[in-house]
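These figures come from a predicted structure and were not determined experimentally.
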Amino acid sequence: MAESPHELACRLARNVEAVCRYYLSSGRRQGRYWIVGDVHNTPGRSMFVRLSGPDSGPGAAGHWTDAATGEHGDLLDIIRESCGLANFAGVLAEARRFLSLPERTPEATPPKHGVTPAPSGSREAARRLFAMSQPIASTQAETYLRRRGITAVRETAALRFHPHCFYRSGEHEPLETWPVMIAAVTDLAGHLTGVHRTYLDPSGFSEAALGKAPIDTPRRAMGDLAGRAVRFGVPGDVVAAGEGIETVLSLRCVLPTMPMAAALSSAHLAALQFPDTLRRLYLVRDDDPAGIGACEALAQRAQAAGIEALTLVPSLGDFNEDLHHLGVDALRSAIRVQLAPQDVVRFLDRPVVA
């Protein structure tokens, strides 16, 4: 006999921290609570989930409250909202999947009405895809980054992994599935506005493709991207901004505490939004005409806003090439002479955390 919603909620409560780490990965544990921005997995501190207590009743594990809105609920509500599920049958099915319970028999399954489809390429479609993916730890996405020399993978909650993401090369081409690294594109308030997908080769890493899938467009994005970015660290008075995720993470291997943003393309880099706190912007340049032009345009905007703009120039084509081919010590030495002196002390002369 299938479990009732109450029984599923109790099972989830016994695994409450695992539920939070999966569906609310932007948060973190603090004492007896999991702290996050809201039930949609936005970074922040206004929502708290109880990590201890009875399976049900007052003070139960898994009960949550959003102090900013007054909303509250249980772990089934978290699954519904974080996954964007429109009906309760879908919530129960997702809870059973998470708990690795056998599927219900067809006789016991209620009629399917389906989840309301999100418009293709929309912000909502991006949010649902990010919610359905998993943290990158111990996945092919983490292996992909490490094979590209990126071992400093701390504070990468913006990156997730999906083992079977849809891909279609053309309108009339067959639908395929590939493993994919998914990156959250956010605005300055931390709200998810889109996602970027890097399709990965399940057969492994090669120097020719650098681990990307052998398809026409292994990088794709959707949602609202203009002015937004994939962010690593909280923007402050100093930020480094570049195009590619791998380029920015390569630089972060030697500057692990400097907040950084990957704008995903030269056009989006030129249009990047500035936080109000920003006083100095490092332009992480790719050594090609588009990258050089984007940095020049961004520097002009920054200077007009009273922000100091300094350009970081790679020795090879980009900073991931520098890291991958020259090594972390050479990259650190090359960056040292390009930073403002106070930022050498503040960001560079610190232990690198892998």
Side-chain angles (χ1 to χ4, degrees), residues 23-27 36-38 40-44 81-84 118-136 139 141 144-145 150 153 155-162 165-167 179-200 212 217-236 239-252 258-275 278 281 283-284 286 290-291 294 297-298 301 320:
Y23 295 102
L24 300 175
S25 61
S26 294
V36 70
D38 57 33
H40 302 294
N41 196 28
T42 303
E81 296 298 329
S82 67
C83 294
S120 178
S122 67
R123 181 186 295 205
E124 176 59 19
R127 190 187 69 79
R128 292 187 188 185
L129 177 57
F130 192 76
M132 288 188 293
S133 58
Q134 65 190 80
I136 66 167
T139 68
Y144 161 76
L145 292 175
I150 300 166
V153 291
E155 294 189 63
T156 51
L159 301 181
R160 304 192 79 174
F161 174 71
H162 197 297
C165 193
F166 291 135
Y167 174 87
V180 66
M181 181 176 74
I182 297 175
V185 178
T186 60
D187 60 19
L188 291 173
H191 300 134
L192 189 146
T193 66
V195 295
H196 180 271
R197 292 156 290 172
T198 303
Y199 289 89
L200 305 176
K212 297 187 292 294
T217 52
R219 299 182 187 275
R220 290 186 172 183
M222 64 177 174
D224 298 330
L225 309 178
R228 281 85 174 191
V230 180
R231 303 181 193 279
F232 304 99
V234 179
V239 171
E243 292 182 45
I245 294 168
E246 297 84 357
T247 295
V248 167
L249 286 179
S250 296
L251 188 62
R252 198 163 165 79
M258 181 181 287
M260 298 191 182
L264 304 176
S265 73
S266 57
H268 288 131
L269 179 61
L272 188 69
Q273 296 173 341
F274 303 135
L278 187 60
L281 176 66
L283 310 169
V284 184
D286 287 356
L298 187 58
R301 289 183 51 233
N320 186 244

side-chain hydrogen bond (donor to acceptor under 3.5 Å, both in side chains) evaluation trace for Y167 with T217: CA-CA 9 Å; Y167 174 87; T217 52; 3.3 Å; yes
pair L129-M222: side-chain heavy atoms closer than 4.5 Å: yes
Residue pair L264 / E243, side-chain heavy-atom distance below 4.5 Å: no
R127 side-chain N/O to A125 backbone N/O, donor-acceptor pair under 3.5 Å: no
N41 side chain near S25 side chain, heavy-atom distance below 4.5 Å: yes
Test item: side-chain donor near acceptor, T193 and D224, under 3.5 Å: no
4.5 Å side-chain heavy-atom contact, M181 and E246: yes
Y199 side-chain N/O to F166 backbone N/O, donor-acceptor pair under 3.5 Å: yes
Nearest non-hydrogen partners of V239 and G236, listed with the distance: CG2-N, 3.9 Å
Note, S82 side chain near H40 side chain (heavy atom, < 4.5 Å): no
Flag, side chain of R301 to backbone of A270, donor-acceptor distance under 3.5 Å: yes
Side chains of P135 and R160 in contact at under 4.5 Å (non-hydrogen atoms): yes
L145 and L159, any side-chain heavy atoms less than 4.5 Å apart: yes
Flag side-chain contact, heavy atom, 4.5 Å: M258 against L251: no
Whether R197 side chain and V180 backbone form a donor-acceptor pair below 3.5 Å: no
T198-Y144 side chain donor-acceptor pair, cut-off 3.5 Å: no
